[in-house]
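For reference, the structure is listed below as structure tokens.
In the text below, chain A, chain B and the rest are named by the order of the sequence lines, each starting its count at 1.
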Amino acid sequence: MGKRIERVVTTKPSYFFLTPPDRLRRALEGRRVEALARAGKYLVADLGRGDRLLLHLGMTGQLFSSEATSVRLLSATARASLEPNAQRAFEPDEHTHLAFTLEGGGPRVFFRDVRKFGKVQWIEKGESNARLDRLGPDALHFTGEALFRANRGRRIAIKSMLLDQSVAAGVGNIYADEALFLAGVRPGRAAKRVTRRECEAITAGLHKVLRRSIETGGSSISDYVAPDGADGGYQDERRVYGRKDEPCRVCSSPIKRRVIAQRSSHYCARCQR
DNA sequence: ACCGCACCCTGAGCGC
DNA sequence: TGCGCTCAGGGTGCGG
């Protein structure tokens, strides 16, 4: 299976560590990574004997190899001192909360997160986890019928429903906006006012944008990098997210932005009703 | 039960 | 140059 973790270096205790870093180090060192799985936006590492490690990237989390080179791994000042086209090997900084050394002397694995909205937690054998237990069906298998049922009686915006991880796990702000655009539904519409047919269109839209984002390696808008440091490509395919005042790709009318559920939401007032 | 909001944290970018 | 402001792929916990 996977490799044994020889050594773990952490930053000091903070909001980031659901399990305190000293306890985390003791728990992890010497253990083998048997498997990795995704649960919504969480990454769950199986460490054998029933123990697990829970990881979440939050907004600015970066999980990558020591062989990765990307300017996204550097602060603005570090970038400014780079020679043009220079590729500097990454050196752990104050935002690098976890540094794994694995057996066999191969590349190390880092988890860096500037804002510390990411999370790491040790889950003991037999322990349940409230964060995991709350998750609804995975977005890739979420049906229009299930969305329609969840919407019954709900006065909140359909956008809020899509961001609720207990309704569907794995939908984030970009993909909620993009799916609603494909479905022709405004993000602010009350959930209970969305028809069954529109729910089908929304989940079909979700599947489409999520699959396409996976194909293109994700959205590298600000911080996201693949484990090898590569940028994703989906930011170039956005139809509405982050395109305020730019022309709709279908009808050319300007994309609108408004705040829903404390998150910025983008839509075309002409294509979405 | 439901809903809106404050809050956790750091940095980039902008107008003045 | 510096200051103050807004904005940012997320999620929790509180009070009304």
Can you figure out which of [options] approaches the side chain of [X] most closely?
X: Arg154(A); options: dA8(C), dG4(B), dC2(B); value: dC2(B)
X: Ile221(A); options: dC9(B), dG9(C), dG11(C); value: dG9(C)
X: Ile156(A); options: dT12(C), dC3(B), dG11(B); value: dC3(B)
X: Ile174(A); options: dG11(C), dG9(C), dG11(B); value: dG9(C)
X: Arg155(A); options: dG9(C), dG11(C), dC3(B); value: dC3(B)
X: Arg257(A); options: dG4(B), dA8(C), dG11(B); value: dA8(C)

In this structure, how many angstroms lie between the [atom2] atom of [N] and the [atom1] atom of [X], rounded?
X: Leu163(A); N: dC5(B); atom1: CG; atom2: P; answer: 15 Å
X: Arg72(A); N: dA12(B); atom1: CZ; atom2: P; answer: 13 Å
X: Gln62(A); N: dT10(B); atom1: CD; atom2: P; answer: 15 Å
X: Leu206(A); N: dG9(C); atom1: CG; atom2: C1'; answer: 15 Å
X: Leu210(A); N: dG9(C); atom1: CG; atom2: P; answer: 16 Å
X: Leu54(A); N: dT12(C); atom1: CG; atom2: P; answer: 10 Å
X: Leu18(A); N: dC9(B); atom1: CG; atom2: C1'; answer: 15 Å
X: Leu162(A); N: dG9(C); atom1: CG; atom2: P; answer: 15 Å

- request: Find out whether the Lys NZ or Arg CZ of Arg238(A) is both under 6.0 angstrom from the six-membered ring centre of Tyr234(A) and within 45° of the ring's axis.
  value: no
- prompt: Salt bridge between Asp138(A) and Arg38(A), side-chain N to carboxylate O under 4.0 Å?
  reply: yes
Arg49(A) atom CZ: more than 12 heavy-atom contacts under 6.0 Å: no
- request: Using a cut-off of 6.0 Å, state whether more than 12 heavy atoms not belonging to Lys41(A) lie near its atom NZ.
  value: yes
task: Would you mind calling dG13(B) syn or anti? Take O4'-C1'-N9-C4 for purines or O4'-C1'-N1-C2 for pyrimidines, and syn is within 90° of 0.
output: anti
query: What integer number of Å spans the P atoms of dG11(B) and dG11(C)?
result: 22 Å
message: Can you check the distance between dA6(B) and dT6(C), where both ends of the measurement are the P atom (answer in whole Å)?
response: 13 Å
- request: Quick one: look up who dT1(C) pairs with, Watson-Crick or G-U, both distances under 3.5 Å, and put none if it's unpaired.
  value: none
query: With both distances kept under 3.5 Å, what pairs with dC9(B), Watson-Crick or G-U wobble?
result: none
Please classify the nucleic acid contact of [X] as base, sugar-phosphate, or nothing, using heavy-atom distances under 4.0 Å.
X: Lys119(A); value: nothing
X: Ser14(A); value: nothing
X: Asp113(A); value: nothing
X: Arg134(A); value: sugar-phosphate

Verdict with supporting geometry, His97(A) and Phe111(A), ring-ring contact (aromatic ring centres under 6.0 Å, His included): CA-CA 6 Å; His97(A) 304 296; Phe111(A) 187 171; 7.4 Å; no
- request: Report yes if the distance between the aromatic ring centroids of Phe90(A) and Phe110(A) is under 6.0 Å, otherwise no.
  value: yes
Is there a side-chain polar atom (N or O) of [X] under 4.0 Å from OP1 or OP2 of [N]?
X: Gln165(A); N: dG11(C); answer: yes
X: Ser264(A); N: dG9(C); answer: yes
X: His95(A); N: dG11(B); answer: yes

query: Mapping Gly153(A) and Lys116(A) onto DNA chain B by nearest heavy atom, which one lands closer to the 5' end?
result: Gly153(A)
statement: Walking DNA chain B from its 5' end, the first of Leu74(A) and Tyr15(A) to be reached, judged by nearest nucleotide, is Tyr15(A)
- request: Return the minimal non-hydrogen interatomic distance between Asp177(A) and Ser264(A), and the atom names on each side.
  value: OD2-O, 3.7 Å
